[in-house]
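Residue numbers start at 1 and run along the sequence shown.
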Amino acid sequence: METNHPTKVTVQAVIQSPVEKVWRYWTEPDHITKWNQASEDWHAPRAENDLRVGGKFQTRMEAKDGSMGFDFGGVYDVVKHHEAIGYTMEDGRRVDISFIDLGNETKVIETFDAESSNPVEFQQAGWQAIMDNFKSYTEQN
C-alpha cells in the first residue's frame with residue numbers, strides 16, 4: 001500500500017450529454033462493460049456496482065485474445081448523486097471523480113493516485129483512453 005503522498009494524476013473530458021445520462025452510463029454495469037477499456041484489443045466482460053458509501057464495485061478487464069486479465073475494484077467513500085464519486089482501490093490508492101453539470105454537456109474530471117510500477121505518463125494515457133471511450137460511447141448511445 002502506498003501512503004507517502006502518491007502522485008495525483010488527472011484525466012478529463014466534456015461529454016455532449018446531460019449529467020443525468022452521464023451519471024447513469026458511468027455507474028450502471030450494463031453500460032460500464034461497453035466502454036471500460038483502454039484499447040480495442042481489451043474488453044470488460046463483467047461489472048458489478050453497489051453505488052453507495054461503503055458499497056463495492058468490481059470490473060473484470062481482459063485482453064480479447066484471452067492472454068491476460070485482471071479485476072479492478074474498490075470501495076466507495078463518497079457518492080453525491082450527479083456530482084461526485086470517490087473510492088479507494090483494493091491497493092489503497094484513491095480516486096475522485098467530479099461530474100460538472102453544464103446543461104446539455106457534462107465535464108467529468110477524474111483524479112487518481114498513481115501507482116509506482118509504471119510511468120505516470122503511461123498511467124495517464126491509459127486512464128485518458130478509457131475516459132475517451134466513455135465519452136464516445138455516451139455521446140453515440
Check: [X] side chain, [Y] main-chain N or O, donor-acceptor pair, under 3.5 Å:
X: Lys135; Y: Met131; value: no
X: Lys21; Y: Asn141; value: yes
X: Gln123; Y: Glu115; value: yes
X: Ser136; Y: Asn133; value: no
X: Lys64; Y: Glu40; value: yes
X: Asp113; Y: Arg94; value: yes
X: Gln128; Y: Gln12; value: yes
X: Thr33; Y: Ala47; value: no

| said: Test side chain to side chain contact (heavy atoms under 4.5 Å, CB included) on Val11 and Gln124; report intermediate values, then the result. | reply: CA-CA 7 Å; Val11 298; Gln124 184 170 28; 4.0 Å; yes
From [atom1] ([X]) to [atom2] ([Y]), nearest 0.5 Å:
X: Ile85; Y: Asn49; atom1: CD1; atom2: CG; result: 7.5 Å
X: Thr88; Y: Asp77; atom1: OG1; atom2: CG; result: 3.5 Å
X: Met61; Y: His43; atom1: CE; atom2: NE2; result: 10.5 Å
X: Gln37; Y: Tyr137; atom1: CD; atom2: OH; result: 11.0 Å
X: Gln16; Y: Thr138; atom1: CD; atom2: OG1; result: 11.5 Å
X: Glu139; Y: Glu105; atom1: CD; atom2: CD; result: 8.5 Å

| Output field: ring centroids Phe99/His82 closer than 6.0 Å |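 Centroid distance Phe99-His82: not below 6.0 Å, so no.
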| task | Heavy atoms only: give me the nearest Ala44-Thr59 pair and the separation to one decimal. | result | CB-CG2, 3.8 Å
| request: Grab the two heavy atoms, one from Ala38 and one from Gly126, that are nearest each other, plus how far apart they are. | output: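 Here Ala38 and Gly126 meet closest at CB-O, 3.8 Å.
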Ring-plane angle category for [X] and [Y], please: parallel below 30°, perpendicular beyond 60°, tilted otherwise.
X: Phe57; Y: Tyr76; result: tilted
X: Phe112; Y: Trp127; result: parallel
X: Trp26; Y: Phe134; result: perpendicular
X: His81; Y: Trp23; result: perpendicular

| message | Apply side chain to side chain contact (heavy atoms under 4.5 Å, CB included) to residues Tyr87 and Val78 and explain how you reach the verdict. | response | CA-CA 7 Å; Tyr87 62 86; Val78 175; over 6 Å; no
| With a 4.5 Å heavy-atom cut-off, do Gln58 and Glu90 have their side chains touching? |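 Gln58 reaches Glu90 side chain to side chain.
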| said: Any non-hydrogen side-chain atom of Pro29 less than 4.5 Å from a side-chain atom of Glu48? | reply: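 Counting from C-beta outward, Pro29 and Glu48 never come under 4.5 Å.
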| said: What I want to find out is whether Asp50 reaches Lys56 closely enough, with some N-O distance under 4.0 Å, to be called a salt bridge. | reply: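 Salt bridge flag = no for Lys56 with Asp50.
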| message | Strictly below 4.0 Å, N to O, side chains only: are Arg46 and Asp71 in salt-bridge contact? | response |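 Looking at Arg46 and Asp71, the cut-off is met.
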| What pairs with Lys80 under side-chain hydrogen bond (donor to acceptor under 3.5 Å, both in side chains), at least two apart in sequence or on another chain? | none
Indicate, with yes or no, if [Y] and [X] share a hydrophobic cluster defined by side-chain heavy-atom contacts under 4.5 Å among Ile, Leu, Val, Met, Phe, Trp and Tyr.
X: Val14; Y: Trp35; answer: no
X: Val95; Y: Val120; answer: yes
X: Val75; Y: Ile32; answer: no
X: Ile97; Y: Ile100; answer: no
X: Ile109; Y: Val22; answer: no

| field | Any side-chain donor near an acceptor of the partner, Thr111 and Asp96, under 3.5 Å | value | no
| said: Does Phe122 have more than 12 heavy atoms from other residues, nucleotides or ligands lying within 6.0 Å of its CZ? | reply: no
| said: Within a 6.0 Å radius of atom CG on Asp65, are there more than 12 heavy atoms belonging to other residues, nucleotides or ligands? | reply: yes
